[in-house]
Amino acid sequence: MRIGSAVQYDRYGDFDVVELVPQERPEPGPGDVVVEIIAAGLNHVERFLREGRLQDHIELAFPAHQGVDFTGIVRAKGKEVKGIRVGDEVLGHAPDGGAHATWIRVPREAVIPKPTHVGWEVAGGLYLAGCTAVTIVRDLKLGPDDTVVISAAAGGVGHIECQLAHDAGATVIALGSARNHDYLRQIGTLPVVYGDGEEARIREIADGRPITAFIDNHGDAPSKALAAALGIDEKRYVSSEERRDVEIRYLRAPAGDQEAMENLTMLTKAVEDRRVQILISGYYPFEYIVDAYEDLAEMHSRGKVVVGMQPVETGARLDWYRSEKARDLRDRYADERGSDTETMAGGSASPAS
C-alpha cells in the first residue's frame, strides 16, 4: 500500500477545518526513516495549536499537519541510517507534526524501538503526555518523604504523573471527580473529590503528613490558592502555565533532542516493566479522528484517546467503539470545576491530553 490519508488544515479553526487528504508514501532522505503508522495519540495542545491559541509560541505554515505521537513499522530508510532495519517496530514523535497520517517521514533520531510487549495503542499515545509527566515529576525530586497533590489526576498527563510520583515513593493525593476514584485507587493514589471543602478533605486523607508539593493540571486560580492554604512552598508548586510550557517544548522538540528521547526511552521501559500503565479510554478508526477529538474535548476522558490506522473491527461499524465506551452519560453534565480536566493557561477547561 503506497496511497494513504493525512490530516491537513489550511487555516486556524475548530474541527470543521480538519480534512483527510490523500497521501503518497514519502521517500526517505539520507538520514530518515519512513514509518507506516499503526496508532497515533491525540493531545489537547494540538487542538489549541489548530485553533490558533498558541500563536505566541508556535507559528504555523499552512497547510498544516497534525499529530506528534506515533508508533508503527519502518517501511523504508535512508542510506545513512544505522541501528534500525526495514520492518522494525518503532515509536516516537513527529517534530513538525504530521503523525495523524498513514505514513510519516522523520529523522532516525526521532524514533526508538517499540518493545514487543507494549501494545500499539499504548505506544502510539506515549510521547507527549509521557515526556511532560516525566519532566514535571523529575524536576520536583519527589521521594518517600513527600506527599504531593495532583489535580486532574485521571487525565492524560495526570495519570502518568500519579504513577511516576508513586514509583518514586511519594504519597499521592489525587484530586478527581468521584467517578474516577476507583481507578485512581488502582494506580496507588489517595483520591479526593473536587469542590467545597477540598482542603479539609486533603488534610484528612493526608493523616498528619505535611503536604510538600502540588501539580496543577486543572488550570484555574483556586488551585494556586489551595496550594498556598496547604502551606506548600512556591518552588514546589507546578502551575498550569509551567505545564503548558513543558508540553509546548516537547510538541516541537527537534529529532535529536536528547532529553526528549531519554525521557521517552525511560518511560517506555517503565511501561514494559508494568511500573506505569497507560490507560486508553478511546480508540477510534483513523477516519473518525474528528469524533475522537470531540470525545477528548467533551467527554472528560480518562487517560489517552488514540486513533488506529488499521484497527480490527467487530460488530456494526457505527457501534463497534461507542458501545464499549467506559463513560457515564452524566459526565456530559458534570460541573466544570468538578470534572477531571486538564487545561492550558488562558484557555477554557478541557479534558486530559
Side-chain angles (χ1 to χ4, degrees), residues 1 4-7 20 23 33-47 65-75 84 87-106 110-134 155-157 159-160 247 250-251 253 255 260-261 263-272 274 276-293 295-296 301-313 321 324 351-353:
M1 179 182 68
S5 303
V7 168
L20 276 180
Q23 180 196 37
V33 293
V34 173
V35 178
E36 180 182 3
I37 297 176
I38 304 299
L42 277 64
N43 300 282
H44 273 285
V45 68
E46 295 164 339
R47 177 168 66 88
H65 297 90
Q66 187 171 271
V68 63
D69 308 333
F70 71 89
T71 185
I73 301 170
V74 176
R75 295 304 189 193
I84 201 167
D88 282 355
E89 298 177 357
V90 296
L91 71 146
H93 77 289
D96 298 316
H100 295 161
T102 306
W103 309 96
I104 192 161
R105 176 179 59 206
V106 292
V111 299
I112 64 172
K114 183 188 83 67
T116 302
H117 299 298
V118 175
W120 291 111
E121 68 278 13
V122 169
L126 200 55
Y127 168 75
L128 187 59
C131 286
T132 300
V134 168
V157 175
H159 85 294
I160 302 174
E247 278 191 293
Y250 289 118
L251 182 66
M261 300 320 285
N263 287 349
L264 182 60
T265 300
M266 183 277 285
L267 185 61
T268 302
K269 183 66 166 62
V271 172
E272 184 180 24
R274 300 187 68 79
V276 173
Q277 298 186 48
I278 307 300
L279 177 63
I280 306 297
S281 67
Y283 187 63
Y284 284 82
F286 181 36
E287 60 264 39
Y288 283 167
I289 191 165
V290 170
D291 299 67
Y293 262 110
D295 178 359
L296 189 67
S301 303
R302 301 183 186 100
K304 295 293 298 180
V305 173
V306 175
V307 290
M309 281 53 184
Q310 303 176 46
V312 176
E313 303 175 26
Y321 169 69
E324 299 299 323
S353 64

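From a predicted model like this one, the values you see are computed outputs, not experimental measurements. Sequential numbering from 1 along the given sequence is applied to the chain's residues.
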How would you list, by chain and number, every residue that makes a side-chain hydrogen bond (donor to acceptor under 3.5 Å, both in side chains) with His100, sequence neighbours excluded?
Gln66

Residues two or more places apart in sequence or in another chain: which of them pass salt bridge (charged side-chain N to carboxylate O under 4.0 Å, His left out) with Arg75?
Glu36

Side chain to side chain, Glu46 and Leu251, heavy atoms closer than 4.5 Å:
yes

Cut-off 3.5 Å, no hydrogens considered: what does the side-chain donor-acceptor table look like for residues 113-123, sequence neighbours left out?
| unit_1 | atom_1 | unit_2 | atom_2 | d |
| --- | --- | --- | --- | --- |
| Lys114 | NZ | Val118 | O | 2.7 |

Non-hydrogen atoms of Ala94 and Gly67 that approach each other most closely
CB-O, 3.8 Å

Name the atoms and distances for all side-chain donor-acceptor pairs under 3.5 Å in residues 126-133, with sequence neighbours left out.
| unit_1 | atom_1 | unit_2 | atom_2 | d |
| --- | --- | --- | --- | --- |
| Tyr127 | OH | Tyr250 | O | 2.7 |
| Thr132 | OG1 | Leu128 | O | 2.8 |

Atom CG in Asp295, atom CG in Leu42: separation rounded to 0.5 Å?
9.0 Å

Evaluate the side-chain proximity of Tyr293 to Val305: yes if any heavy-atom separation is below 4.5 Å, no if none is.
no

Which atom pair, heavy atoms only, marks the closest approach of Trp103 to Val34?
CE3-CG1, 4.2 Å

What is the minimum heavy-atom distance between Phe70 and Ala99, and which atoms define it?
CB-CB, 3.9 Å

Would you mind reporting whether Ile73 and Asp88 have side-chain heavy atoms less than 4.5 Å apart?
no

N/O donor-acceptor pair under 3.5 Å between His159 side chain and Leu279 backbone
yes

Can you list every salt bridge (Lys or Arg N to Asp or Glu O under 4.0 Å) pair that touches residues 94-103, not counting sequence neighbours?
none

Residue pair Ile38 / Glu89, side-chain heavy-atom distance below 4.5 Å
no

Any side-chain heavy atom of Val90 sitting closer than 4.5 Å to one from Val33?
no

Distance-minimising heavy-atom pair for Met261 and Ala255:
CG-O, 4.2 Å

Within the side chain of His44, is there an N or O that forms a donor-acceptor pair under 3.5 Å with the backbone of Leu296?
yes

Between the CD1 atom in Ile37 and the OG1 atom in Thr71, the distance rounded to the nearest 0.5 Å is 9.5 Å

Just to verify, what does Glu272 make a side-chain hydrogen bond (donor to acceptor under 3.5 Å, both in side chains) with, not counting sequence neighbours?
none

